[in-house]
Amino acid sequence: MTERQKDRPWLMRTYAGHSTAEASNELYRNNLAKGQTGLSVAFDLPTQTGYDPDHILARGEVGRVGVPVSHLGDMRRLFQDIPLEQMNTSMTINATAMWLLAMYQVVAEEQGADITKLQGTTQNDIVKEYLSRGTHAFPPGPSLRLTTDMICYTVNNIPKWNPINICSYHLQEAGATPVQEIAYAMSTAIAVLDSVFASGQIPDDRKGDVVARISFFVNAGVRFVEEMCKMRAFGRIWDRITRERYGIEDAKQRRFRYGVQVNSLGLTEAQPENNVQRIVLEMLAVTLSKDARARAVQLPAWNEALGLPRPWDQQWSLRIQQVLAHESDLLEYEDIFAGSHVIEAKVSSLVEECLAEIDRIQEMGGALAAVESGYLKSQLVSSHAERRARIEAGEEKIVGVNCYEATEPSPLTADLDGAIMTVDPAVEARVVAALKNWRDTRYQPPFNHPRPCKALEKLKEAAKGTGNLMEATLECVRSGVTTGEWSEALREVFGEFRAPTGVSSAPVAVTAEEGTPLAAVREKVARTAADLGSGRLRLLVGKPGLDGHSNGAEQIAVRARDAGFEVVYQGIRLTPEQIVSAALAEDVHCVGLSILSGSHAELVPDVLVRLREAGAPDIPVIAGGIIPPADAEELRKAGVAAVFTPKDFGITEIIGRIVDEIRKANKLDPLEVPA
């Protein structure tokens, strides 16, 4: 048999980072030793949103979902003994992307690297943060300026770097259909490229250099035929936009370049061993087709619906990639779907629908205008609500969740608390102490006051003007400025922004005709309100801390509204004090807290204590999120009325149970109304 020439495998990454820079550095070096070919850095929520670890909003969040990087010293430790000139590093960072890239560049320079050889990616897609992930720090206009300045700087100074990774991944997590995922991502790309070319920082003859550095980060779900067609449609539309709108003639510069993490939304807490085959199917969607193959792949771990994966779990996901790339014959063939009339028909349909939606967004004024008007968010909330309704009705099957629920005991989850990694709560105190030490020791003679002050003043002056902000940011890095100080200086100039929630404008997704589960819950809500002598039951849905994953909270809010509740939902990023103040001001009957970042152990008890101190100990508090069993038990002991986790997929049933807790708290007899 003739030996076939094999294609080069895609970059293999695992999304990783936790606790401290030192612990994450050890994790990275171990993963590289196992055959990982690129790094993918997960930053914690304070770093992502521009707060230092000692800020009030950072409480309980430090080192939870990623690594805290507060200053240049942290970045040095994060990449110690990892030669950055030889590395391909992806950094999942958006609002503070310029700041993190500046620190990365300075560390590389200290290593002696030629920065023109640095390779990697900064996500830097702020639009989807307003829609799905919630780590924005500034209003849309200034955020687009930061993105624009960073793209122009890298094209001119770090030419191998991908300065933006337009990210439709989280749009799918927030409910986007394939059409919405493509259309919203492409609309973001148009907004970014229009801004870059209008800035005057790039000459016309270098437009192709900019387009060639634009990359995408997508989501692949379990409907892998549809997902593969989605990727082919993405490529066609990108080729058309860059050729027709921007006049890019070089086909190589127009190539659609993307990385992928396969879907985490579809991973289940129930029978989590099923997640392994889901992950494999989702990976095939972005690897089987050579003409639409990902350039980089990172896979979640089987237990991400339970908590933070351990190193062994991440190794398992890496090995899945390696078996496909090195044991199978996938890389030996041309595109195996070329000429398929089934695939061609699906791709053509997607292209047509996506172009129509892109035109609709452009008529609104573009992606940022569609964000500020609330159109994009309301569309996503609606799509997600419709999907949840299909799952609850059994129309969309999820094995182990709404069908084939009988199961043998799983050895993988025999010790649930040992099946995930936990971050030592003492880490936060150590990180805060280290930050204080950095601030105390960064004064450098012969100056009479700290260099950080001068650098921050220069940054603010630059922000008030129109020049590129990267040089001022680099000076801040070298002067010892912290993440929170850099962000706060820009907040002073740019202001802050609270994104639309999309809840009030979301249409009804589940009907309440007589005999339906929602009708029964509506009856419970109405009778309980009458028993209490209040016009309507009032539910506060709260997102304490920095966790911006608001999909679950939004779906609870929408369903509670449709069940007859008056819902108070103020969006993300609130302190326990603000939540309690709102609960008292709105005279609510229940407080529901949603946290997916792991900070529930700190923040939920704080809300309980504040309610008691305010003289409202009888308001039941419900908690929902990725909460391990041991933590759930502790929350109940602290006084939480009920805890819901991803296994509790029936939203209408959850609303019914919330009514039960309201009745119990108010010493009303249980209602014999099926929920």
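Every heavy atom of this structure was used, including side-chain atoms; hydrogens, water molecules and symmetry mates were not.
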Does either side chain, that of [X] or that of [Y], offer a donor lying less than 3.5 Å from an acceptor on the other one?
| X | Y | result |
| --- | --- | --- |
| Ser349 | Glu353 | yes |
| His384 | Asn551 | no |
| Gln80 | Arg77 | no |
| Thr14 | Asn31 | yes |
| Lys34 | Gln314 | no |

CA sep, side-chain torsions, deciding dist, call: Asn303, Arg310, side-chain contact (heavy atoms from CB on, under 4.5 Å): CA-CA 9 Å; Asn303 55 351; Arg310 302 158 299 186; 4.3 Å; yes
Audit row: Arg236, Glu344, salt bridge (charged side-chain N to carboxylate O under 4.0 Å, His left out) steps and yes/no: CA-CA 12 Å; Arg236 288 189 194 178; Glu344 181 57 34; 2.7 Å; yes
With a 3.5 Å distance limit and no angle check, can you tell me whether [X] reaches the backbone of [Y] through a side-chain donor-acceptor pair?
| X | Y | value |
| --- | --- | --- |
| Asn25 | Leu78 | yes |
| Thr47 | Val69 | yes |
| Thr20 | Ala23 | yes |
| Arg13 | Leu39 | yes |
| Asn275 | Thr268 | yes |
| Asn263 | Gly221 | no |

Test salt bridge (charged side-chain N to carboxylate O under 4.0 Å, His left out) applied to Glu392 and Arg559, step by step: CA-CA 12 Å; Glu392 291 179 50; Arg559 192 69 57 83; 3.1 Å; yes
Whether Trp238 and Phe216 hold their rings parallel, tilted or perpendicular, with breakpoints at 30° and 60°: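 Trp238 and Phe216: perpendicular rings.
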Which residues share a salt bridge (Lys or Arg N to Asp or Glu O under 4.0 Å) with Glu26, sequence neighbours left out: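 Per chain and number, Glu26 pairs via salt bridge (Lys or Arg N to Asp or Glu O under 4.0 Å) with no residue.
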Residues Asp7 and Arg293 bridged, charged N to O under 4.0 Å: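 So Asp7 pairs with Arg293 through a salt bridge.
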Residues Lys637 and Glu634 bridged, charged N to O under 4.0 Å: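 Salt bridge present between Lys637 and Glu634.
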Qualifying salt bridge (Lys or Arg N to Asp or Glu O under 4.0 Å) pairs with a residue from residues 223-234, counting only residues at least two apart or across chains: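 Salt bridge (Lys or Arg N to Asp or Glu O under 4.0 Å) check on residues 223-234 returns Glu181-Lys230, Arg223-Glu226, Glu226-Lys346, Glu227-Lys230, Arg232-Asp335.
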Closest contact, heavy atoms only, Val423 versus Ser19: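 Residues Val423 and Ser19, closest heavy atoms: CG1-OG, 3.7 Å.
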More than 12 heavy atoms from other groups under 6.0 Å of CD on Glu405: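 Yes, because the 6.0 Å sphere around CD of Glu405 holds more than 12 heavy atoms from other groups.
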Steps toward salt bridge (charged side-chain N to carboxylate O under 4.0 Å, His left out) verdict (Arg64, Glu61): CA-CA 5 Å; Arg64 288 278 182 184; Glu61 308 281 15; over 6 Å; no
